[in-house]
Amino acid sequence: MKTEFSLAQLADPDIKEADKILRACVHCGFCTATCPTYVLLGDELDSPRGRIYLIKEMLEKDAPPTEEVVKHIDRCLSCLACMTTCPSGVNYMHLVDQARVRIERDYRRPLSERLLRWVLSLVLPNPKLFRTSMLLARLGRPLAVLLPTRKPSATPTLLRRIKAMLALAPAHLPAPGPKAGTVFSAAGKRRARVALLQGCAQQVLAPRINQAAVNVLTRHGIEVVLVADEQCCGALTHHMGRDDDALTRARANVSAWTTEAERAGLDAILVTTSGCGTVIKDYGYMLREDSAFKGPAAKVSALAKDITEYLAGLELQRQVNGEASAHDGLTVAYHSACSLQHGQKVVSLPKELLSKSGFVVKDVPESHLCCGSAGTYNLLQPDIATRLRDRKLANIASVKPDMIAAGNIGCMMQIAGGTSVPVVHTIELLDWATGGPRPGDRGLGAPERGPN
Ligand code: SF4
Ligand code: SF4
């Protein structure tokens, strides 16, 4: 794609990067076929190619984004299916991230929208505030039926969004998990030492997930540390264009993990929430212009691994007890989170681990399409998100699973909101297969279906 940036514009490293990305696009349109919003809405401007044109124009003109640009960029899920499909290697992720920062900086949203985004960026990355807000939302859930039900719309109202938030609030909240700074010793001879990202929303909604990871790792000789001073990874605010906040968090985490690695050694930084993993693996890029942090950030990114990537390098010990285990032959629909399959290119490893552990793993048809969760997307764009969820649920139902597994809490919550089939994290099944409890026996069931 031909670009027309001035030399002065190209002196800006972000514009130089955008120019490189834009020039790689040959406008073939292959990406449109796998873009969830294009598949649903059929509008070229809601396709990757259309958005690339909009971003190019916005950056070249160097003028405040128009309402139209904001509308179509806001509807993008950042699912990155387009990056998997693109034959030219266009890095849409870095381009749309830049567009979101520009929108956040130069576009004045309506007051209600600004307030909503401010609240989300304040509450979601902070586990204490998030826990309090979930408790309040539980009280507010009965009132959701009183909110007006409007026709689904690709440009939802504030009330519709509040209704969606109440719908996603779980009926029960588990007790908090172990504190930051806790070290879990390896069983037997120590083979390695890893940090496990504590996450923000996940540690409130489902501490059982990291508990399962700790169980599997320590059972296989890995010492696990929950690093003190670690923060939210910054993914939520990064995807809202609030880069000052995201970069501050990235720097804090790079410092915390680097200090821990120097103090006691770290062989890996493991992540059980793939949305966070994608961003941590990108810290090196995000901090590339920061001379003090770019080196340590690149090291942190290189150490970051999804839990299934790390476990694939170990020989997991199945617990068979002489006969077939209770989980053997159970049919699991594996939902491939976008951040894992498109963002990190971790596609087959989780399924292979589950199969080797005795589960019958079924691929979900249209597995490349997002479930609609996408960070804060299901809160900000609830109607598109619900259409995607219902499509995902129909595809999942077609394989008649006993359980649904995913590697991302956002997807788990989104999918569980519309099905009675248990939704669990992949690591919970691997824990079960290697001697841990059956998922669901830990105290928190799937979130109840909300008043959508
Ligand atoms: S597939 Fe790649 S090269 Fe083709 S239009 Fe989409 S982004 Fe551009
Ligand atoms: S990130 Fe997903 S929603 Fe956004 S343009 Fe690419 S495929 Fe479409």
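When a residue number appears, it is its place in the shown sequence, counting from 1. Order of listing sets the numbers, starting from 1, for every ligand and every atom in it.
Side-chain atoms of R249 and Q231 form a donor-acceptor pair, as typed in the model, at a separation below 3.5 Å. A donor-acceptor contact under 3.5 angstrom links the side chains of N253 and Y283, judged on distance only.
Protein heavy atom at the shortest distance from atom 6 (Fe) of ligand 1 is C31 SG, 2.3 Å. The protein heavy atom nearest to atom 3 (S) of ligand 1 is V26 N, 3.3 Å. Of the protein's heavy atoms, C76 SG, 2.3 Å lies nearest to atom 4 (Fe) of ligand 2. What sits closest to atom 2 (Fe) of ligand 2 on the protein, heavy atoms only, is C79 SG, 2.3 Å.
Residue S88 approaches ligand 1 through these ligand atoms, each under 4.0 Å from one of its heavy atoms: 3 (S). Shown in contact with C86 at under 4.0 Å from a heavy atom are these atoms of ligand 1, numbered in order with element: 1 (S), 2 (Fe), 3 (S), 7 (S). Close contacts of ligand 1 with P87, meaning ligand atoms under 4.0 Å from a residue heavy atom, involve 1 (S). Within ligand 2, counting atoms from 1 as listed, the ones closer than 4.0 Å to a heavy atom of L80 are 1 (S), 2 (Fe). Close approach to L77 involves these atoms of ligand 2, each under 4.0 Å from a residue heavy atom: 3 (S), 4 (Fe). Within ligand 2, the atoms closer than 4.0 Å to a non-hydrogen atom of R51 are 3 (S), 4 (Fe), 5 (S), 8 (Fe), numbered from 1 in the order shown.
At least one N/O/S atom of C25, from backbone or side chain, sits under 2.8 Å from atom 8 (Fe) of ligand 1. Counting backbone and side-chain atoms alike, C35 contributes an N/O/S atom closer than 2.8 Å to atom 8 (Fe) of ligand 2.
A 4.5 Å side-chain heavy-atom check between K305 and I269 finds every atom pair outside the cut-off. Looking at L197 and T272, their side chains never come closer than 4.5 Å, going by heavy atoms from C-beta outward.
A salt bridge links D19 to R23: at least one charged side-chain nitrogen sits closer than 4.0 Å to a carboxylate oxygen. The pair E104-R102 does not count as a salt bridge, with every side-chain nitrogen at least 4.0 angstrom from each carboxylate oxygen.
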Task: Verdict with reasoning, D290 to R251, per salt bridge (Lys or Arg N to Asp or Glu O under 4.0 Å) - done: CA-CA 10 Å; D290 185 327; R251 287 188 189 96; 2.6 Å; yes
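Interatomic distance, SG of C31 versus CE of M83, reported as 11.5 Å (0.5 Å rounding).
Within the 4.0 Å heavy-atom criterion, the part of S78 lying near ligand 2 is the backbone and not the side chain. Within the 4.0 Å heavy-atom criterion, both parts of C28, backbone and side chain, lie near ligand 1. In I52, the part holding a heavy atom less than 4.0 Å from any atom of ligand 1 is the side chain. Under 4.0 angstrom from ligand 2, there are no non-hydrogen atoms of Y38.
Using the six-membered ring where Trp is involved, H94 and Y285 have ring planes that are parallel, under 30° apart on the 30 and 60° scheme.
Ranked by closest heavy atom to atom 5 (S) of ligand 1, the top entry among G89, A24, G29 is G29.
Screening S373, S274, S78 against S339 for a side-chain hydrogen bond (donor to acceptor under 3.5 Å, both in side chains) leaves a single residue, S274.
Between Y53 and H27, the gap from one ring centroid to the other is short of 6.0 Å.
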